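Order of the sequence lines sets the chain letters (A, B, ...), proteins ahead of strands, with each chain counted from 1. As the structure is a prediction and not an experimental result, all values here were calculated from the model.
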Protein chains: 2
Amino acid sequence: MTRALTAKGAATRQRIVAGAAELVRTRGADQVGLDDIRAATATSKSQLFHYFPDGRAELLRAVAAHEAGEVLNDQQPFLDELGPAGTWQAWRDVVVQKYQEQGIHCPLSALTTQLGPADPGIRMIVADLLETWHTRIADGIRRAQGEGLAEPSLEAEKTASSILAAIQGGVVMMQATGNIEFLKVPLDAAIADVEPVAGV
Amino acid sequence: MTRALTAKGAATRQRIVAGAAELVRTRGADQVGLDDIRAATATSKSQLFHYFPDGRAELLRAVAAHEAGEVLNDQQPFLDELGPAGTWQAWRDVVVQKYQEQGIHCPLSALTTQLGPADPGIRMIVADLLETWHTRIADGIRRAQGEGLAEPSLEAEKTASSILAAIQGGVVMMQATGNIEFLKVPLDAAIADVEPVAGV
DNA sequence: ATCGGACTGGACTGCTGAGTCCAGGCTTGT
DNA sequence: ACAAGCCTGGACTCAGCAGTCCAGTCCGAT
């Protein structure tokens, strides 16, 4: 599958993906053409097709995979440390802050709804991301139960679904309304079962 | 704003919007061209521009407004009856069933993330829809409190946000993974505060 | 009946943007 | 040194699609 790539070639490829990802994030996938990517990454048409023989579609899949990785990276190390008291709030703060910074520009939604329907490959990338994300949260819930923080009767998988849905839904609503409260409130409510907040 | 329109003209316009909405829902907005709409609605290019002088953008805004109305209509009469025991489950079932039928094809997400970023007019339509939806749910929560079903201490607005976010997030996850459980579980959890379920 | 304006058909224009091609530059192993 | 082949530049092709134009037809009011 992967071809012989020199260090220089790999760097160029990486530069293309990162540049394209940036554009897709800020403008939306359908507002980004190959010429935009070419200009933004100081490359030429032939380079794009050299590294992505299937053209635009393959490049966007690479962008999707890149962004999916970033979503989880942005939550580290907090995501993997979920469990003990205080870790949920710390993680929540990172997530909220991240999306507040991004504002309208969500790497995931840009890809899921814009290209997902048309490209099964991208749907799979997003599905994998959600599954991984879900698993990490569920692991955190089980650790919280081990610490006696959360009710042992709580079903980790289901609670993780609720928390993750609160984030996804909150982001959707925030994007449409511009109001970050639509992310904060549902997320706080969702994690209340594993880490009750004292104040407000 | 609105021009003189005969009954016939209004019918044609309506046919165009409905037909275009159908296409956008099933294929995604960027996969629908004016020629597709023309073919599907048995109209001509000049008619499209006769009824939507600003072209594709104006037509898609009309589609967005149409779909936004449908989203709420599909939940009626259950949405407006929220409050008493049993009404939450009935409403939940309608919502779940609706999205299960639609599967991948969500009228809202198709428009929000595909066109919303580029078109402020559409963002506003979606924001209005969410606000109305939110208000209706909050009204239901207050009625539930009046009936003694829900804790009086519950903040209606915040709880409504959680419920709505559970739906939006659940739909996003369902679209990506194909698993309807990602909608059911968070939604059930979110409405547990206003209508605890006996079983399960 | 007839006149104005709403309504319709379909050909035409022009642009944008994906994908192609080939000639030439640069690296790397021998 | 010197190939082999990875890498790069940029002009070119070609299809698809939004938007234009005009020559009509139909309807409703006077």
Side-chain angles (χ1 to χ4, degrees), chain A residues 1-21 23-24 26-64 110-111 114-115 118-119 121-122, chain B residues 1-21 23-24 26-64 110-111 114-115 118-119 121-122:
Chain A
M1 181 107 190
T2 38
R3 310 287 319 291
L5 266 195
T6 67
K8 187 181 181 184
T12 301
R13 193 194 135 102
Q14 172 56 25
R15 190 174 81 242
I16 293 171
V17 171
L23 287 176
V24 168
T26 54
R27 291 195 211 166
D30 55 339
Q31 298 298 312
V32 175
L34 293 189
D35 281 332
D36 299 316
I37 296 172
R38 204 182 45 64
T41 59
T43 51
S44 70
K45 231 24 174 334
S46 64
Q47 292 183 68
L48 298 184
F49 283 87
H50 178 71
Y51 294 106
F52 306 94
D54 281 351
R56 184 184 152 87
E58 185 180 355
L59 173 50
L60 287 178
R61 276 193 295 274
V63 167
L111 291 160
Q114 280 173 31
L115 304 168
D119 190 325
I122 289 190
Chain B
M1 182 107 189
T2 37
R3 311 287 319 289
L5 266 197
T6 66
K8 187 180 180 184
T12 301
R13 194 195 134 102
Q14 171 58 25
R15 192 174 81 242
I16 292 172
V17 171
L23 287 177
V24 168
T26 54
R27 291 194 211 167
D30 55 341
Q31 297 299 313
V32 176
L34 293 188
D35 281 331
D36 298 316
I37 297 172
R38 204 182 44 64
T41 59
T43 51
S44 69
K45 231 26 176 329
S46 64
Q47 292 182 68
L48 297 184
F49 283 87
H50 179 69
Y51 293 107
F52 306 94
D54 281 350
R56 185 184 152 84
E58 185 180 358
L59 173 49
L60 286 178
R61 276 193 294 274
V63 167
L111 290 161
Q114 281 172 30
L115 304 169
D119 189 326
I122 288 190

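- Side chain of B:Arg56, nearest nucleotide from C:dT20, D:dA18, C:dC7: D:dA18.
- Phosphate contact (OP1/OP2 of D:dT8, side-chain N/O of A:Tyr51, threshold under 4.0 Å): present.
- To the nearest angstrom, P of C:dG19 lies 12 Å from CG of A:Asp35.
- Distance check, rounded to the nearest 0.5 Å: CD of B:Glu58 to CG of B:Leu48 gives 11.5 Å.
- Taking atom CZ of residue B:Phe49 and atom P of nucleotide C:dG9, one finds them 16 Å apart after rounding to whole Å.
- Atom-to-atom, CZ of A:Arg38 to P of D:dC7 comes out at 20 Å; the value is rounded to the nearest Å.
- Among the atoms of the strands shown, none is found under 4.0 Å from any heavy atom of A:Phe52.
- Set against C:dC7, D:dT8, D:dG19, the side chain of A:His50 has D:dT8 as its closest nucleotide.
- Remark: the backbone N or O of B:Ala39 is not paired with any side-chain donor or acceptor of B:Thr43 at under 3.5 angstrom.
- Using a 4.5 Å heavy-atom threshold, the side chains of A:Asp36 and A:Arg27 count as touching.
- Mapping B:Gly55 and B:Thr6 onto DNA chain D by nearest heavy atom places B:Gly55 closer to the 5' end of the strand.
- In this structure, the nucleotide among C:dT8, D:dT8, D:dT20 sitting nearest to the side chain of A:Lys8 is D:dT8.
- Scanning both residues, A:Arg13 and A:Phe52, for their nearest heavy atoms gives NH1-CE2, 3.5 Å.
- Following rounding to the nearest Å, A:Gln31 (CD) and C:dT16 (C1') show an atom-to-atom distance of 13 Å.
- Between atom CD1 of residue B:Ile37 and atom CD of residue B:Gln47 there is a gap of 13.0 Å, rounded to the nearest 0.5 Å.
- Straight-line distance from the CG atom of A:Asp30 to the P atom of D:dC17: 14 Å, rounded to whole Å.
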Give each protein N/O atom lying under 3.5 Å from an N/O atom of nucleotides 10-14 of chain D, with the pair distance.
residue: D:dG10; atom: O6; partner: A:Ser46; partner atom: N; Å: 3.4

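- Residues B:Ala42 and A:Leu34 both approach DNA chain C. Their nearest nucleotides, taken by heavy-atom distance, put B:Ala42 toward the 5′ side.
- Remark: the backbone N or O of B:Thr41 is paired with a side-chain donor or acceptor of B:Arg15 at under 3.5 angstrom.
- If you take CG of B:Leu48 and C1' of D:dC21, they are 15 Å apart, rounded to a whole angstrom.
- Across all their heavy atoms, A:Ala21 and A:Val63 have their closest contact at CA-CG1, 3.7 Å.
- A:Leu59 has its CG atom 14 Å from the C1' atom of C:dG17, to the nearest Å.
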